[in-house]
Amino acid sequence: MRVNTLLIFAAVAALLVASACSRNQPSPEAKAQAKATDSPTPTPAVDVTTAAAITRSVQRGVEVVGSLAADEEVIVSAQAPGELAQLNVDFGGYVTRGQIIALIDQRDAKLKVEQAQATLKQTMARLGMNEGEKFDPNRNADVRVAKAQLDWEKMNLDRQMRLVENGDVSRALYDQAITTHSLAQARYQAALDAVNQQLAVVEQQRAALNLAKKAITDTVVRAPIGGAVKEKHASRGSYLPINGHIVTLVKINPLRLRADIPEYAAASVRTGQTMTLRVEAFPERAFTGRVVRIGASLNEQTRALTVEAEVANPSNLLRPGMFAKSNLITAKDAPAVMVPRRSVQIIAGLNKVFVIENGRVSERIVKTGATDGDLIEVVEGVKSGEVVATSNLDKLQEGSVVNGK
């Protein structure tokens with residue numbers, strides 16, 4: 001009896017559980033409505049403006065830094081010793097080539113010229129020589145006497161020869177005539193040699209006179225180059241020895257720009273290429289130079305190639321020692337793929353563009369280069385002719401549907 005009661009309770013409990021489960025199961029209509037709610041809603045298309053990537057010729061260059069140096073630097077020294085009687089320039093002043101910048105006292109130099117002139121005149125008078133004429137040694141008195149004696153002895157020798165052949169004189173007299181003729185010939189040659197030696201002395205004294213005159217010329221110190229006075233080494237009244245320093249001049253037009261070109265661009269450097277540069281003293285002004293010298297090798301420490309450019313400086317605005325930021329133009333008409341600047345989005349340091357293909361967006365990371373007005377070069381990532389989005393970039397992502405205009 002008790003077992004039957006338990007079975008009845010179990011059956012009732014099972015019916016209650018089945019009823020509860022039946023109430024929790026959704027109806028077919030509810031299932032259909034839920035399935036419609038779970039399906040994704042189509043994303044609306046984004047309206048964007050577009051532009052095609054184009055190919056344009058641009059100017060290629062390498063950004064480098066360098067410093068300006070004087071084209072020439074000269075220490076002007078005294079060529080003649082003496083007191084510095086006059087100094088016409090000072091520190092920072094400008095001079096032109098050939099300008100008289102200093103005078104050295106000329107009194108000693110003039111006395112040496114007078115002394116050399118007197119010595120020369122004395123030697124020329126001894127020879128019977130006039131200034132400016134071509135002197136014939138046979139015109140000298142000693143030479144004429146020796147020549148006359150030689151001619152006489154030659155006639156006597158010829159006469160003695162005929163007489164000895166005819167037997168009219170002895171052989172001893174003929175031998176004596178030969179000896180006398182030889183002595184006369186020797187005296188004549190000695191007279192010629194003495195005159196030629198005196199002529200050599202005349203030339204030596206002329207050279208000494210010219211040196212004395214040059215010493216007067218050297219007392220006038222002229223600027224060997226045009227430029228500015230970098231240093232002043234002496235003052236008026238100072239005694240200057242030979243090679244005593246007076247001033248240091250630097251040529252600042254043109255100037256030299258020395259810069260180091262990175263190794264990757266070394267192969268594209270040529271003489272004659274243009275360099276544009278800017279200095280902090282004139283930040284809004286650009287100056288132009290031309291590559292005139294290229295180093296023979298790269299620096300082993302920096303792996304850079306040193307070049308020198310000639311920079312015109314007619315107004316003397318630039319100064320040696322200035323630091324310059326420059327751009328070496330390596331190509332003037334290089335092809336480049338360009339897109340509008342507004343089509344490039346910068347996120348976390350990366351440049352992105354959105355290329356539109358078949359109404360959908362393809363997000364690409366690009367590498368940019370030169371700029372030209374409102375256009376920017378895309379070195380990598382976009383090909384010429386591809387269409388890029390130029391508006392509503394913040395609403396775009398990979399795969400977005402767009403309506404391009």
Colleague: Is Lys383 paired with Glu386 through a side-chain N to carboxylate O contact shorter than 4.0 Å?
Modeller: no
Colleague: Donor-acceptor check, side chain of Ser182 to backbone of Ile178, threshold 3.5 angstrom: yes or no?
Modeller: yes
Colleague: Count the heavy atoms belonging to other residues, nucleotides or ligands that lie under 6.0 Å from CZ of Phe91, then report whether that count exceeds 12.
Modeller: no
Colleague: Evaluate whether atom CZ of Arg236 has more than 12 neighbouring non-hydrogen atoms of other residues, nucleotides or ligands under 6.0 angstrom away.
Modeller: no
Colleague: Are Lys352 and Glu363 within salt-bridge range, i.e. N to O under 4.0 Å?
Modeller: yes
Colleague: Return the minimal non-hydrogen interatomic distance between Ala80 and Ile104, and the atom names on each side.
Modeller: O-CD1, 3.4 Å
Colleague: Counting only heavy atoms not in Gln197, do more than 12 sit closer than 6.0 Å to its CD atom?
Modeller: no
Colleague: Counting C-beta onward and ignoring hydrogens, is there a side-chain heavy-atom pair between Leu157 and Arg159 closer than 4.5 Å?
Modeller: no
Colleague: Does the pair Glu357/Arg364 count as a salt bridge with the N-to-O cut at 4.0 Å?
Modeller: yes
Colleague: Using a 4.5 Å cut-off on heavy atoms from C-beta on, say whether the side chain of Val229 contacts that of Asp90.
Modeller: no
Colleague: Is it true that atom CZ of Arg107 has more than 12 heavy atoms of other residues, nucleotides or ligands lying nearer than 6.0 Å?
Modeller: no
Colleague: Could you point out which residue of Glu310, Glu308, Glu72 forms a side chain to side chain donor-acceptor pair (under 3.5 Å) with Arg256?
Modeller: Glu308
Colleague: Measure across Ser238 and Ser235 and return the closest heavy-atom pair with its distance rounded to 0.1 Å.
Modeller: OG-O, 2.8 Å
Colleague: Donor-acceptor check, side chain of Asn327 to backbone of Thr276, threshold 3.5 angstrom: yes or no?
Modeller: no
Colleague: Can you give me every donor-acceptor pair (side chain of residues 246-254, partner residue at least two apart or in another chain, under 3.5 Å) with its distance?
Modeller:
from, atom 1, to, atom 2, distance (Å)
Thr248, OG1, His233, NE2, 2.6
Asn253, OD1, Asn313, N, 2.8

Colleague: Kindly compute the distance separating CG (Leu209) from CD (Gln115), expressed to the nearest 0.5 Å.
Modeller: 11.0 Å
Colleague: Answer yes or no: is there a donor N or O on one side and an acceptor on the other, between the side chain of Arg360 and the main chain of Gly399, under 3.5 Å?
Modeller: yes
Colleague: In the structure I gave you, are the side-chain heavy atoms of Arg258 and Val307 within less than 4.5 Å of one another anywhere?
Modeller: no
Colleague: For a quick test of reading the model, state the closest non-hydrogen atom pair linking Leu393 to Arg342 and the distance between them.
Modeller: CD1-O, 3.2 Å
Colleague: Just checking, any donor-acceptor pair under 3.5 angstrom between side chains of Thr390 and Thr49?
Modeller: yes
Colleague: Report yes or no: do Glu153 and Gln149 form a side-chain donor-acceptor pair below 3.5 Å?
Modeller: yes
Colleague: Under 3.5 Å, is there a donor-acceptor pair between the side chain of Gln273 and the main chain of Arg270?
Modeller: yes
Colleague: Start with the C-alpha distance between Lys112 and Asp108, add both sets of side-chain angles, then the distance that settles salt bridge (charged side-chain N to carboxylate O under 4.0 Å, His left out), and finish with yes or no.
Modeller: CA-CA 6 Å; Lys112 289 180 180 179; Asp108 289 345; over 6 Å; no
Colleague: On a heavy-atom basis, which atom in Pro340 and which in Ala51 lie closest, and how many Å separate them?
Modeller: CG-CB, 3.7 Å
Colleague: Please report the interatomic distance CZ(Arg222) to CD1(Ile101), rounded to the nearest 0.5 Å.
Modeller: 10.5 Å
Colleague: Between CD of Gln79 and CD1 of Ile242, what distance do you get to the nearest 0.5 Å?
Modeller: 8.0 Å
Colleague: So which atom in Gly381 and which in Val366 form the shortest heavy-atom distance, rounded to 0.1 Å?
Modeller: CA-CG1, 3.9 Å
Colleague: Closer than 3.5 angstrom, by distance alone: can the side chain of Asn196 be matched with the main-chain N or O of Leu192 as a donor-acceptor pair?
Modeller: yes
Colleague: Output, in order, the C-alpha distance, side-chain angles, deciding distance and verdict of side-chain contact (heavy atoms from CB on, under 4.5 Å) for Leu103 and Thr219.
Modeller: CA-CA 6 Å; Leu103 293 175; Thr219 59; 5.9 Å; no
Colleague: Going by an N to O cut-off under 4.0 Å, is there a salt bridge joining Asp218 and Lys214?
Modeller: yes
Colleague: Check this for me: Asp374, atom CG, are more than 12 non-hydrogen atoms of other residues, nucleotides or ligands nearer than 6.0 Å?
Modeller: no
Colleague: Is it the case that over 12 heavy atoms from other parts of the model lie below 6.0 angstrom from the CD atom of Gln176?
Modeller: no
Colleague: Any salt bridge between Arg303 and Glu263, counting N to O under 4.0 Å?
Modeller: no
Colleague: Do Val387 and Val355 have side chains that approach each other closer than 4.5 Å (heavy atoms only, starting at C-beta)?
Modeller: no
Colleague: Could you go through the side-chain contact (heavy atoms from CB on, under 4.5 Å) check for Arg341 and Thr371 one step at a time?
Modeller: CA-CA 9 Å; Arg341 287 190 182 188; Thr371 59; 3.1 Å; yes
Colleague: If we only count heavy atoms from C-beta on, is the Leu396 to Val402 side-chain gap below 4.5 Å?
Modeller: yes
Colleague: Measure from the side-chain N and O atoms of Asn299 to the backbone N and O of Leu305, and report whether any donor-acceptor pair falls under 3.5 Å.
Modeller: no
Colleague: Looking only at the side chains, is there a donor atom on one of Ser77 and Asn243 sitting less than 3.5 Å from an acceptor on the other?
Modeller: no
Colleague: What is the distance from atom CG of Leu257 to atom CE of Met322, rounded to the nearest 0.5 Å?
Modeller: 12.5 Å
Colleague: If you measure only the distance, is there a donor-acceptor pair under 3.5 Å linking the side chains of Thr330 and Ser268?
Modeller: no
Colleague: Are side-chain heavy atoms of Leu328 and Ile261 found at a separation under 4.5 Å?
Modeller: yes
Colleague: If you draw a 6.0 Å radius around CZ in Arg206, do more than 12 non-hydrogen atoms from other residues or ligands fall strictly inside?
Modeller: yes
Colleague: In Å, rounded to the nearest 0.5 Å, how long is the span from CG of Leu150 to NE2 of His181?
Modeller: 5.0 Å
Colleague: Just checking, any donor-acceptor pair under 3.5 angstrom between side chains of Gln205 and Thr123?
Modeller: yes
Colleague: Could you tell me which residues satisfy side-chain hydrogen bond (donor to acceptor under 3.5 Å, both in side chains) with Glu73, sequence neighbours excluded, listed by chain and number?
Modeller: Lys230
Colleague: Would you say Glu377's side chain and Ala370's backbone share a donor-acceptor pair under 3.5 angstrom?
Modeller: yes
Colleague: Would one find more than 12 heavy atoms of other residues, nucleotides or ligands at under 6.0 Å from atom CZ of Arg97?
Modeller: no
Colleague: Looking at side-chain heavy atoms only, is the closest gap between Val353 and Val382 below 4.5 Å?
Modeller: yes
Colleague: Carefully, step by step, assess Ile329 and Met275 under the rule side-chain contact (heavy atoms from CB on, under 4.5 Å).
Modeller: CA-CA 6 Å; Ile329 300 173; Met275 293 187 75; over 6 Å; no
Colleague: Side chains of Asn403 and Val48: does their closest heavy-atom pair fall under 4.5 Å?
Modeller: no
Colleague: side-chain contact (heavy atoms from CB on, under 4.5 Å) between Gln345 and Asn351: does it pass, once the steps are laid out?
Modeller: CA-CA 6 Å; Gln345 189 178 42; Asn351 296 317; over 6 Å; no
Colleague: Could you tell me which non-hydrogen atom of Val113 sits nearest to which non-hydrogen atom of Lys213, and how far apart they are?
Modeller: CG2-N, 3.6 Å
Colleague: Is the closest basic N to carboxylate O distance between Lys154 and Asp158 below 4.0 Å?
Modeller: yes
Colleague: Quick one: CG on Leu317 to CG on Leu255, what's the gap to the nearest 0.5 Å?
Modeller: 10.5 Å
